[in-house]
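Structure first, then comments.
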Amino acid sequence: SDSTICVGDCISFGDSTQNYTPTNWNWNFQGAATVTSSVQHPSAICYNTAGAYSVSMQAFNQCVNDTALKIAYIIVNPLPTILSSGAVGCIGDSATLTALGANSYVWSPATGLNSTAGASVICVPTGFHTYSITGTDINGCSNTTVISVTSTPLPTAYAGADDTVCEGAVTTLSASGGIA
């Protein structure tokens with residue numbers, strides 16, 4: 001029967017003639033490469049290019065000189081293109097990570113995220129993390145992309161040893177660990 005699938009999916013076909021028992025089959029699968037088969041239940045056919053394709057099967061019984069021709073159409077939907085964006089500053093800072101190109105999204109792993117579902121999530125990572133985003137479109141086709149986020153560690157500041165001074169006395173203060 002007619003089917004709708006996604007790029008990369010495989011589909012199985014079989015003879016459903018019921019009026020008689022055929023002795024020969026002639027399958028023709030139009031697709032990225034044309035495939036033919038002469039068995040009743042050929043191997044699954046995989047479609048790697050979006051488009052509309054036809055599948056024809058002719059079953060015939062030489063003993064009674066009878067034939068049946070069936071044609072089905074396969075619609076192969078493209079995978080969604082998932083785009084992602086976001087930026088993170090220092091450890092402890094939060095940022096919004098956003099995905100586009102599909103209707104629903106799943107983020108993984110959950111570490112540092114406020115949610116694992118949705119087009120936008122809040123991220124508070126500690127260090128370097130790579131997240132995968134799987135987006136699914138209205139046709140049920142899914143694709144995955146990754147986004148890497150890095151949060152910069154806070155500098156360690158040192159203001160020197162504690163010092164006791166008398167009122168009016170002069171002392172020197174120094175700090176280290178920062179850039180400016």
Side-chain angles (χ1 to χ4, degrees), residues 1-88 95-123 125 128-149:
S1 62
D2 295 345
S3 297
T4 301
I5 60 174
C6 302
V7 165
D9 286 350
C10 301
I11 188 167
S12 296
F13 298 91
D15 172 23
S16 63
T17 56
Q18 297 177 10
N19 296 337
Y20 63 95
T21 304
T23 56
N24 293 297
W25 294 265
N26 184 16
W27 292 88
N28 184 14
F29 301 94
Q30 178 197 20
T34 300
V35 177
T36 60
S37 177
S38 60
V39 297
Q40 182 178 4
H41 298 284
S43 301
I45 303 298
C46 302
Y47 292 87
N48 295 316
T49 305
Y53 302 100
S54 65
V55 175
S56 63
M57 186 275 296
Q58 184 176 22
F60 51 97
N61 187 331
Q62 292 174 330
C63 294
V64 294
N65 198 21
D66 193 8
T67 64
L69 177 63
K70 298 193 184 259
I71 298 175
Y73 297 95
I74 310 300
I75 303 298
V76 182
N77 289 313
L79 300 180
T81 299
I82 309 301
L83 304 173
S84 59
S85 65
V88 176
T96 301
L97 304 179
T98 304
L100 302 168
N103 292 70
S104 64
Y105 305 89
V106 176
W107 298 72
S108 178
T111 306
L113 299 178
N114 72 324
S115 175
T116 58
S120 294
V121 297
I122 304 297
C123 175
F128 177 81
H129 287 281
T130 300
Y131 296 102
S132 67
I133 308 127
T134 300
T136 303
D137 67 13
I138 59 172
N139 297 313
C141 298
S142 297
N143 205 358
T144 301
T145 191
V146 295
I147 184 172
S148 296
V149 294

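Just so you know, these numbers use all the heavy atoms, side chains as well, and skip hydrogens, waters and symmetry mates.
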Qualifying residue, where the test is side-chain contact (heavy atoms from CB on, under 4.5 Å) with [X] and the options are [options]:
| X | options | result |
| --- | --- | --- |
| Leu79 | Asp137, Thr144, Asn143 | Asn143 |
| Ser120 | Leu97, Thr98, Leu100 | Thr98 |
| Tyr73 | Val55, Thr4, Asp2 | Asp2 |

Working to the nearest 0.5 angstrom, can you tell me the gap between [X] [atom1] and [Y] [atom2]?
| X | Y | atom1 | atom2 | value |
| --- | --- | --- | --- | --- |
| Thr116 | Tyr105 | OG1 | OH | 15.0 Å |
| Asn77 | Tyr47 | CG | OH | 13.5 Å |
| Ile45 | Asp9 | CD1 | CG | 13.5 Å |
| Ser3 | Ile74 | OG | CD1 | 4.5 Å |

Nearest heavy atoms of [X] and [Y], plus distance in Å:
| X | Y | answer |
| --- | --- | --- |
| Ala50 | Val7 | N-CG2, 3.5 Å |
| Ile75 | Ala52 | CD1-CB, 3.8 Å |
| Ala44 | Cys10 | CB-CB, 4.1 Å |
| Ile82 | Gly135 | CD1-CA, 3.7 Å |
| Ser148 | Thr130 | OG-OG1, 3.2 Å |
| Ser56 | Ile71 | CB-CG1, 4.1 Å |

> So, for Phe29 and Trp27, is the gap between ring centers shorter than 6.0 Å?
Replying inline: yes
>> Given 3.5 Å as the limit, does a donor-acceptor pair link the side chain of Gln30 with the main chain of Ser54, or not?
In response: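 Yes.
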>> Pair Tyr131, Ser84 - check side chain to side chain contact (heavy atoms under 4.5 Å, CB included), show working.
In response: CA-CA 10 Å; Tyr131 296 102; Ser84 59; over 6 Å; no
> Should Ile147 and Trp107 be marked as a side chain to side chain contact (heavy atoms under 4.5 Å, CB included) after you check the CA-CA gap, both sets of side-chain angles, and the distance that decides it?
Replying inline: CA-CA 10 Å; Ile147 184 172; Trp107 298 72; 4.2 Å; yes
> Any side-chain heavy-atom pair from Pro78 and Cys141 closer than 4.5 angstrom?
Replying inline: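 Sidechains of Cys141 and Pro78: no contact.
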